[in-house]
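Chain A is the first sequence line, chain B the second, and so forth, proteins listed ahead of strands; every chain is numbered from 1.
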4 protein chains.
Amino acid sequence: MEIAIETICDIGYAQASIGQIAKRAGVSKGVITYHFPSKDELMQNIVEDLYLKGASFMSKIATESTASNMLRRYIETNLEFILAHKQHVAAVAEIVMNVRDEEGKLIYHQPADNAIYVPLIEILQWGQEDGSFRPILPTSAQVLAMTIRSAIDLASQQLVANPDFNMKEYAKELIQLFEAATRKSPI
Amino acid sequence: MEIAIETICDIGYAQASIGQIAKRAGVSKGVITYHFPSKDELMQNIVEDLYLKGASFMSKIATESTASNMLRRYIETNLEFILAHKQHVAAVAEIVMNVRDEEGKLIYHQPADNAIYVPLIEILQWGQEDGSFRPILPTSAQVLAMTIRSAIDLASQQLVANPDFNMKEYAKELIQLFEAATRKSPI
Amino acid sequence: MEIAIETICDIGYAQASIGQIAKRAGVSKGVITYHFPSKDELMQNIVEDLYLKGASFMSKIATESTASNMLRRYIETNLEFILAHKQHVAAVAEIVMNVRDEEGKLIYHQPADNAIYVPLIEILQWGQEDGSFRPILPTSAQVLAMTIRSAIDLASQQLVANPDFNMKEYAKELIQLFEAATRKSPI
Amino acid sequence: MEIAIETICDIGYAQASIGQIAKRAGVSKGVITYHFPSKDELMQNIVEDLYLKGASFMSKIATESTASNMLRRYIETNLEFILAHKQHVAAVAEIVMNVRDEEGKLIYHQPADNAIYVPLIEILQWGQEDGSFRPILPTSAQVLAMTIRSAIDLASQQLVANPDFNMKEYAKELIQLFEAATRKSPI
DNA sequence: GATGAATGAGACTTCATTCAT
DNA sequence: TATGAATGAAGTCTCATTCAT
């Protein structure tokens, strides 16, 4: 699976055939289809594996005591996770945007699905209720959450494309940026 | 080409084989390879076509007289463009993230390439020089530009996944968000 | 047809598609299929054209009065003809060795067909009957004829592959060679 | 590979598609591209295989002690080899005259290449130096070598076209012919 | 006469998958 | 467990041919 992840990162999902992965792993093709009923299941395993890793990683976030700290922690933790598993994250991004069912619909990626934004929206809601953030209407919270999330996801792309990408700095800047964006306006 | 764009939008780049495109267009496969030397050239045409459309569209932005207005206009215009050519934009996104050369490197998409962020960075620089934005260090400008751009690109994904996506609202919110993020801090 | 001949010479029969020929001629593909019912008929015309040219050329040979002169004249005339129509001859060689019917049998080239050797065999027979050549049994005459013919055909290949090929010299040498081979032995 | 050779012999290089070969072999097309990366490599293998066979076969020739015997042995051995591997030889002849690169140039067959004539030229040189052959100028030796070679190559064509072709007789006659052609003239 | 669009067959190749060993 | 042979579907591309204009 590690080699599969590397391969997908290097040459993309479409080119990452079982033959290619096997060649890079120095084993026969058969050994892959022996361990995984199908290519799709291999991919599913890679995706689920990352979710498991992610779940434990993300549990830290909830420990913060203020909305502002929690937002900061959300960004930090997500970017740390991406840094810690950069290839895995990039591979899953490839899989998620390419695996489709027979009808052609994406299986994993549901851009219309709001679930991914829910935690962020909750933080924002909490923050504006307790007065630590500026007033944020539900619509604004939604868009803010989308923006934060897309900025985080961008880090993964940058990281694989450019090994010198400075994640620490990016995190610091992103936190500062969204603090400015949620801060109460001047009187 | 229109059918090709539709097909890529519907079932993704990888599944959008010449056979599929031809079937949807109600013509024979040969008719496509007759008009385009190869599939790659068809894709290239689709990409270039969008760039041409985009270039004329974007020229409006430069006409604004303040950095703040220009940033607003940048966001507005980009989102209008995405709305006006939603399928084409989505198809190009698919192409750009999937077409690779023999070595496996992406041909069109260069995440490490900074060129796309330059216009935004210039706006931000201008704005902080003339005092209409808060002080923004070069690093911050870079990250801010990346964030704005990724929020804009997200709109395209949302639009194809969800026909009810309200672009007007999204634009309004995004403008407001980045105004808050660039506004001078309270004293 | 001239362009077709050139094309076949340059890139071989298999690659000489109607499209290639049309492109080199600067006309549309249609113009070829308009003038020739099918590609096969175009090829047939090229072959027949050369036969017509050849027939008039070869008539000179019969005018010689001795077998020895006639053999010399046969070689000379054939090589002159090849030189005069080098591309056409080479193209026909390509066609003759490649055009096959649905069963896969060569249409033009019948290596087992003895017809092509008959004129030479007659010269040799005549020469040994009138005593100007050494005794040559029928089997020997057959092989001698085959050898002469293949040496002549070789000239065409050499000519297209090597523009500096000296045909005059080759003719002189070939004549000398087969004079030595047919000369009466020393007592 | 054996079936490929048979197929090429039967229906020619151009018609000998992987599909045809597979059908005759009673296997699926995939099995061929499984064992050979590409059709070109299959053909290359067939050619190289024959060269290997040929190399060991031809080593016998050098053992002769006189130029005259060596020439005889050269002809004999070559024709024996052709007889022993008639299909393989014929297939390679097809390949050699048809496989071209993208520019249209023959890859294997270089009619302008003199290498193939060198052994024969050396025999002839040797023979005229030690006085067993008539005086043969370099130019004559070249043409003589070409003639011998083309007469030998002709045998392969005859053999596949006509199963009754008598190779033994052909060899005997060819030897006799070229002995006559190299014999010293009468005083 | 000439053109260019269109077709459909067939070629090579890739690939996920199956299976005997 | 692991391998390598084999399969068959699908993909891209080439090409002779047809046909309306």
Side-chain angles (χ1 to χ4, degrees), chain A residues 4 7 11 13-23 25-43 99 102, chain B residues 4 7 11 13-23 25-43 99 102, chain C residues 4 7 11 13-23 25-43 99 102, chain D residues 4 7 11 13-23 25-43 99 102:
Chain A
T7 308
I11 59 176
Y13 174 79
Q15 270 81 358
S17 66
I18 288 189
Q20 272 296 318
I21 296 168
K23 197 199 287 176
V27 298
S28 72
K29 261 192 317 185
V31 89
I32 294 178
T33 53
Y34 175 75
H35 286 283
F36 297 94
S38 76
K39 190 187 179 183
D40 284 351
E41 297 224 21
L42 166 58
M43 296 303 158
V99 176
E102 323 82 44
Chain B
T7 309
I11 59 176
Y13 174 80
Q15 271 80 1
S17 67
I18 289 188
Q20 272 298 317
I21 297 168
K23 195 198 287 177
V27 297
S28 73
K29 268 189 309 187
V31 86
I32 293 177
T33 54
Y34 172 75
H35 287 284
F36 297 93
S38 74
K39 190 186 179 184
D40 283 352
E41 297 223 20
L42 167 58
M43 296 304 158
V99 176
E102 322 84 41
Chain C
T7 307
I11 59 177
Y13 174 79
Q15 270 81 358
S17 66
I18 288 189
Q20 271 296 318
I21 296 167
K23 196 199 291 177
V27 298
S28 72
K29 261 192 319 184
V31 89
I32 294 178
T33 53
Y34 175 75
H35 286 283
F36 296 93
S38 76
K39 189 186 181 185
D40 284 352
E41 297 224 22
L42 166 58
M43 296 304 158
V99 176
E102 323 83 42
Chain D
T7 309
I11 60 178
Y13 175 80
Q15 270 79 2
S17 68
I18 287 189
Q20 272 298 318
I21 296 168
K23 195 197 290 179
V27 296
S28 73
K29 265 191 311 187
V31 85
I32 294 178
T33 55
Y34 172 74
H35 288 284
F36 297 93
S38 73
K39 189 185 179 184
D40 283 353
E41 296 222 22
L42 167 58
M43 296 304 159
V99 176
E102 321 83 44

| query | Please give, in whole Å, the distance from E/dC12 P to D/Met43 CE? | reply | 8 Å
| message | Run the side chain to side chain contact (heavy atoms under 4.5 Å, CB included) test on B/Thr33 and B/Lys29 for me, step by step, so that the C-alpha distance in whole Å, both residues' side-chain angles and the decisive distance to 0.1 Å come before the verdict. | response | CA-CA 7 Å; B/Thr33 54; B/Lys29 268 189 309 187; over 6 Å; no
| field | Distance, C1' atom - from F/dT21 to E/dG1, rounded to whole angstrom | value | 13 Å
| message | Just the rounded figure in Å: distance from P of E/dT14 to CD of B/Glu102. | response | 13 Å
| message | Ignoring hydrogens, what is the shortest heavy-atom contact between A/Thr7 and A/Ala16? Give both atom names and the distance. | response | CG2-CB, 4.0 Å
| request: Let me know, please, whether D/Val31 or C/Ala16 comes out on the 5' side of the other along DNA chain F by nearest nucleotide. | output: D/Val31
| said: What is the distance, to the nearest angstrom, from the CD1 atom on D/Ile21 to the P atom on E/dT13? | reply: 11 Å
| Rounded to the nearest 0.5 Å, what separation is found between the OG atom of C/Ser38 and the CD1 atom of C/Ile18? | 8.0 Å
| field | For the student: nearest non-hydrogen atoms of C/Ile21 and C/Ile32, plus distance | value | CG2-CD1, 3.8 Å
| Considering only E/dC12, E/dT7, E/dT3, which nucleotide approaches the side chain of C/Ser28 most closely? | E/dT3
| request: Indicate, with a heavy-atom threshold strictly under 4.0 Å, whether C/Ser17 touches base, sugar-phosphate, or nothing. | output: sugar-phosphate
| note | Under a 4.0 Å heavy-atom criterion, DNA chain F is touched by chain A from F/dT1 to F/dA6
| message | Using heavy-atom distances to pick each residue's nearest nucleotide on DNA chain E, tell me which of C/Ile32 and B/Ile32 is more 5'. | response | C/Ile32
| message | If I take atom NZ in residue C/Lys23 and atom C1' in nucleotide E/dG4, what distance separates them, rounded to the nearest angstrom? | response | 16 Å
| field | Aromatic B/Tyr13 / basic B/Lys39 pairing, under 6.0 angstrom, 45° off normal | value | yes
| said: For D/Gln15 versus D/Gln20, what's the shortest heavy-atom pair and its separation? | reply: O-CG, 3.6 Å
| Starting at the 5' end of DNA chain F and moving along, which residue's nearest nucleotide shows up first, B/Lys29 or C/Gly19? | B/Lys29
| note | In whole angstroms, the gap separating C1' of E/dA9 from OH of B/Tyr34 amounts to 18 Å
| query | Shortest non-hydrogen contact from D/Leu42 to D/Ala4? | reply | CD2-CB, 4.3 Å
| query | For the pair made of CD in A/Gln20 and C1' in E/dC15, what is the distance, rounded to whole Å? | reply | 11 Å
| In whole angstroms, how far is the C1' atom of E/dT13 from the CD1 atom of B/Ile18? | 15 Å
| note | One should report the stems of DNA chain E, each a stretch of at least three consecutive Watson-Crick or G-U pairs at distances under 3.5 Å, as E:2-21 with F:2-21
| task | Between B/Val27 and D/Asp40, name the one whose nearest nucleotide on DNA chain E is closer to the 5' end. | result | B/Val27
